[in-house]
Amino acid sequence: MSPPSQTSPATPGLNVIALISGGKDSLYSILHCIRNGHKVVALANLYPSTSRQAAGTAAKDNHEHPKEEDEEGEEEDIDSFMYQTIGHSVIPLYEAALGIPLYRAPITGDAVDTSRIYRHNAADQMADEPEPEPSAEEHRQHLQDETESLVPLLRRIQAAHPEANAVSAGAILSTYQRTRIENVAARLGLVPLAWLWQYPVLPAPAERRAVSAVSSVVGDAGLLEDMAACGCEARIIKVASGGLDEGFLWGDVSSADGALRRRIVNGMKRFAAPEDLRGAVLGEGGEYESLALDGPGFLWRSRIEVCETEVRTGEGGVGYVRLKGARCVPKTAAEGDAITPQSVRQPMLLDEAFSRVLDDVRSVSGSYGGEALAGSISAGGIKCEPRQLRNGGIWHICNITAPEAGTEAAEQMKGIARQIRTILQSSTDVPRSTEDIVFTTVLLRSMADFASMNNTYVSLFKKPNPPARATVACADELPEGVNVMVSFIVDLGDRDSRQGLHVQSRSYWAPANIGPYSQAMSIPLRGAERIVYIAGQIPLEPASMQMVCDRAPAEEQSWLSDYSLRAVLSLQHMWRIGAAMQVDWWLGAVAFITGAENIAAKARVAWHIWETMNSQCDDESVDEEESTFDVWDIKYGGRAQEQTTKATVSAPIPNFEVLRSSGVIPPFLAVQVEELPRASDIEWQGLGYRCDKLELNAEETDQGRTIKAVTEQKVGYTTIEIDMEKSECDLKSSLQQILAAHTVTPALSHAVIYATKAFPLGTWPGEVVPCKSVWGHKGRRLAAGIIFQSLES
């Protein structure tokens with residue numbers, strides 16, 4: 001069975017402002033907007049002003065374009081950290097060529113903030129905590145950043161097109177570009193779209209797969225191949241790489257014959273590292289810049305024709321094309337009629353490894369059903385008391401509730417917010433703030449309270465990198481009167497050492513996070529080792545942000561087929577995020593599951609997928625993993641010290657090269673709760689680790705099955721599965737022994753128990769996640785699942 005393609009269900013379309021530079025990527029992104037059912041209502045472009053000091057100069061009205069071309073041709077190329085400027089004199093022609101209104105404004109200012117993640121105005125996007133007022137000088141510098149040129153331009157378009165609610169851009173691998181557009185979009189209430197984000201590492205569209213199997217050139221230039229397949233024409237107008245000389249100028253990178261693409265791949269192989277080749281072939285590091293002249297007839301009403309070109313050479317061997325006499329030429333009815341929006345290729349929904357495991361699960365469907373739940377243990381009581389654990393650089397603040405604040409979830413969340421601020425301010429070393437929180441677990445009584453809780457939760461944090469988060473509803477498993485309970489993980493280390501991933505743009509990669517949480521937060525523990533907290537992932541199709549569903553014929557559908565697809569896709573989201581954060585190994589994962597039926601089967605399916613994905617060691621998967629090398633940063637971000645060290649491509653997950661043992665699957669728990677966000681029936685939440693060496697051992701003890709991971713720097717992570725078959729007396733005895741073994745030393749920094757109300761436990765020294773049932777290794781039912789994290793001496 002072939003993997004499902006990336007398709008979007010019928011959802012309300014967005015009205016998009018398309019940012020265009022004239023380059024191939026921004027124009028190709030418009031095709032993907034249309035492919036995904038959206039309407040492009042306006043084009044937006046920033047052009048280089050005659051003087052970069054002429055801030056604020058703009059066209060006199062919406063459709064009066066500035067004169068930028070003299071009798072000889074266009075002005076010289078003007079370097080910009082953010083925008084392509086070469087070929088800018090052709091931009092006014094896109095309005096007629098595409099039949100979409102074009103709005104322009106000059107680029108003002110310079111690249112003041114050259115950090116990888118744009119932080120201007122971050123505080124007033126989210127946080128309500130008191131922030132120091134910026135000085136007049138700081139405010140002036142912010143306004144001088146060239147990114148801010150977008151704000152008045154987009155506001156002008158919004159005034160002319162009040163229906164506009166989204167903005168698209170052509171960012172592929174550049175965090176530098178993406179975060180700046182996301183920052184501006186958030187301030188203006190626009191949904192950011194980045195259809196090409198991480199495109200080179202996504203699974204190839206079905207139409208390209210057969211050709212890629214016999215041609216590495218096609219694989220390396222995959223995005224250009226897809227452009228060629230829908231009739232695009234994009235000419236190289238600037239080269240700035242040792243691998244490309246003047247002989248490449250005015251070549252068509254998306255030509256049908258592919259000759260130029262082969263030359264580019266062969267040329268760049270001599271200068272780009274293997275892990276960077278795909279980005280270099282696409283010109284993502286400024287190796288070349290392009291100018292789009294034509295495309296499919298459903299978008300391009302006319303093609304752009306350039307009457308004369310002149311090759312010029314700049315400093316450092318840079319070559320560029322000077323254009324003369326550009327004009328629009330109407331297309332004949334026969335040109336491009338065969339190409340429709342459905343012809344625009346989309347990446348497959350699932351990576352090859354996840355597609356295989358989905359087929360595997362579906363092929364053995366008969367082994368998952370029919371088993372009734374085991375009986376519950378006798379009634380006891382589990383107390384959810386506030387706890388704090390602190391060791392080294394981690395502070396775990398657990399089980400914070402505020403029933404005294406009121407009966408409504410919103411009131412209780414406000415009480416919790418007050419408590420956490422007070423606790424952080426009372427830190428014994430230096431006062432802390434919510435900026436130091438890197439992960440939160442939010443437990444609700446009902447998912448119906450999510451919105452009201454979230455309104456207060458969002459006030460705790462500020463962009464660009466709020467903490468990762470998992471949110472589930474536990475119903476009556478929560479203590480009486482408690483509608484919200486929150487646990488926090490606080491990083492006590494250097495804030496500048498943290499790494500966050502907060503992709504807010506809609507793409508084909510993984511679900512966008514336009515909310516108050518990041519996809520992941522990474523903090524250093526000891527030496528070069530880092531722990532990576534990953535937000536809970538539900539099975540949303542990234543392109544549509546809708547819950548995925550099985551599109552097989554009705555007679556072939558079953559609950560298992562549908563659930564398996566969702567379980568695989570949500571785990572793939574976690575995997576891709578882990579790859580982006582250079583995770584080597586999973587210290588563990590929790591699959592939250594819901595429903596009144598087939599719980600045992602759902603737990604077994606989740607285990608089967610987890611086991612399979614952590615047993616594979618496929619060399620072919622290396623090329624499918626995401627590189628953390630941001631070529632735009634290397635070119636444009638050299639002023640910032642953090643960008644001077646070139647990142648290496650991440651190894652596949654799991655990276656067996658770091659493992660010093662074999663045959664043990666990382667810890668797994670399936671936890672049954674009442675509800676999940678968006679009425680999902682599964683949510684994966686994982687803890688990743690970056691390290692050089694790791695020992696992983698499993699053994700059966702009197703207390704239950706124990707899996708312990710110990711890193712080279714003596715960071716320990718222990719998961720204990722307490723058997724369901726134990727009597728109440730045995731359970732109490734086992735728990736006492738477990739606590740004695742793991743809590744008598746100050747090494748403990750994190751302790752979590754997943755258990756039902758019936759579990760015979762009076763107190764617990766850490767976080768409590770009350771649930772309906774717990775399942776472990778091989779999908780067997782447990783009395784409880786326990787996790788300890790320690791920093792040993």
Study note, to complete from the structure: Looking only at heavy atoms, the pair that brings Val482 and Thr401 closest together is CG1-CG2, 3.7 Å
**Study point:** Near-ring test Tyr689/Trp585, centroid separation under 6.0 angstrom
**Key:** no
Practice item. With rounding to the nearest 0.5 Å, note down the distance linking CE in Met521 to CE in Met581. Key: 7.5 Å
Review point. Has Arg469 got its NZ or CZ under 6.0 Å from the middle of the six-membered ring of Phe461, at an angle within 45 degrees of the ring axis?
Key: no
Practice item. Tell me, yes or no, whether the heavy-atom count around Glu597 atom CD, taken from other residues, nucleotides or ligands under 6.0 Å, exceeds 12. Key: no
Practice item. Enter the distance from Phe668:CZ to Asn614:CG here, rounded to the nearest 0.5 Å. Key: 11.0 Å
Review point. Are the side chain of Asn513 and the backbone of Gln504 linked by a donor-acceptor contact shorter than 3.5 Å?
Key: no
Check your understanding: Looking just at side-chain N and O atoms, do Ser773 and Gln672 make a donor-acceptor pair shorter than 3.5 Å?
Key -> yes
Review point. Is any side-chain heavy atom of Leu696 closer than 4.5 Å to a side-chain heavy atom of Lys708?
Key: no
Exercise for review: Consider only side-chain N and O atoms of His502 and Gln519, and report whether a donor and an acceptor are under 3.5 Å apart.
Suggested key: no
Check your understanding: Within the side chain of His742, is there an N or O that forms a donor-acceptor pair under 3.5 Å with the backbone of Gln789?
Key -> no
Exercise for review: Using a strict 4.0 Å threshold on nitrogen-to-oxygen distance, state whether Arg495 and Glu435 make a salt bridge.
Suggested key: yes
Practice item. Give me the ring orientation class for Trp684 and Trp610: parallel if the planes are under 30° apart, tilted from 30 to 60°, perpendicular past 60°. Key: parallel
Review point. Looking at OG1 of Thr719 and CG of Leu669, how far apart are the two atoms once the value is rounded to the nearest 0.5 Å?
Key: 6.0 Å
Revision key, fill the gap. Tightest non-hydrogen contact, residues Asp681 and Leu676, listed as C-CD1, 3.9 Å
Check your understanding: Taking all non-hydrogen atoms of both residues, which atom of Leu190 and which atom of Ala166 are closest, and how far apart?
Key -> CD2-N, 3.7 Å
Exercise for review: Decide yes or no on side-chain contact (heavy atoms from CB on, under 4.5 Å) for Leu443 and Thr441, but give the supporting numbers first.
Suggested key: CA-CA 7 Å; Leu443 305 181; Thr441 301; 3.9 Å; yes
Exercise for review: Would you check if the side chain of Gln412 reaches a backbone N or O of Gly406 as a donor-acceptor pair within less than 3.5 Å?
Suggested key: yes
Review point. CG of Leu748 to CG of Leu389: how many Å apart, nearest 0.5 Å?
Key: 5.0 Å
**Study point:** Gln737 versus Gln703, side-chain donor and acceptor atoms under 3.5 Å
**Key:** yes
Review point. Do the numbers put Lys602 on top of the ring of Tyr563, so that NZ or CZ is under 6.0 Å from the six-membered ring centre and no more than 45° off the axis?
Key: yes
**Study point:** Note: Lys772-Asp476 ion pair, threshold 4.0 Å (strictly below)
**Key:** no
Check your understanding: OG1/Thr711 to CG/Leu525 distance, rounded to the nearest 0.5 angstrom?
Key -> 8.0 Å
Check your understanding: Could you go step by step and tell me if Ile400 and Ile423 meet the side-chain contact (heavy atoms from CB on, under 4.5 Å) rule?
Key -> CA-CA 11 Å; Ile400 306 301; Ile423 293 171; 4.2 Å; yes
Review point. Do Glu477 and Arg445 meet the salt-bridge criterion of a basic N to acidic O distance under 4.0 Å?
Key: no
Review point. Does Glu385 pair with Arg387 as a salt bridge, N-O distance under 4.0 Å?
Key: yes
Practice item. Evaluate the criterion side-chain hydrogen bond (donor to acceptor under 3.5 Å, both in side chains) for residue pair Glu721 and His777; output intermediate values, then yes/no. Key: CA-CA 8 Å; Glu721 301 178 356; His777 179 76; 5.3 Å; no
Check your understanding: Got a salt bridge between Asp723 and Arg780, using NZ or NE/NH1/NH2 to carboxylate O under 4.0 Å?
Key -> yes
Review point. Do you know which two heavy atoms are closest between Gly578 and Ile653, and how far apart they sit?
Key: C-CD1, 3.6 Å
Review point. Can you check ring-ring contact (aromatic ring centres under 6.0 Å, His included) on Phe439 and Trp395, steps first, answer last?
Key: CA-CA 11 Å; Phe439 188 81; Trp395 185 9; over 10 Å; no
Point to revise | Under-4.0 Å salt bridge between Glu182 and Arg187 | key: no
Check your understanding: Side chains of Arg498 and Asp496: does their closest heavy-atom pair fall under 4.5 Å?
Key -> no
Check your understanding: Strictly by modelled atom types, are Arg178 and Ser505 linked by a side-chain donor-acceptor pair under 3.5 Å?
Key -> no
Review point. Hey, what do you get for CE (Met574) to CD (Gln537), rounding to the nearest 0.5 Å?
Key: 8.5 Å
Review point. Are Glu411 and Ser452 close enough that some pair of their side-chain heavy atoms sits under 4.5 Å apart?
Key: no
**Study point:** Side-chain H-bond candidate by donor/acceptor type, Tyr533 with Ser518, under 3.5 Å
**Key:** no
Review point. Picking from Val442, Thr471, Asn455, what satisfies side-chain contact (heavy atoms from CB on, under 4.5 Å) with Phe450?
Key: Thr471
Check your understanding: Looking at Met545 and Arg678, what are the two nearest heavy atoms and their distance?
Key -> O-NH2, 2.7 Å
Exercise for review: Grab the two heavy atoms, one from Ala194 and one from Ser507, that are nearest each other, plus how far apart they are.
Suggested key: O-CB, 3.1 Å
Exercise for review: Decide side-chain contact (heavy atoms from CB on, under 4.5 Å) for Arg506 and Val191; before the verdict, give the C-alpha distance in whole Å, the side-chain angles of both, and the deciding distance to 0.1 Å.
Suggested key: CA-CA 8 Å; Arg506 196 178 296 187; Val191 176; 4.2 Å; yes
Exercise for review: May I have the step-by-step check of side-chain contact (heavy atoms from CB on, under 4.5 Å) for Ile665 and Trp607, ending in yes or no?
Suggested key: CA-CA 10 Å; Ile665 303 299; Trp607 161 257; 4.0 Å; yes
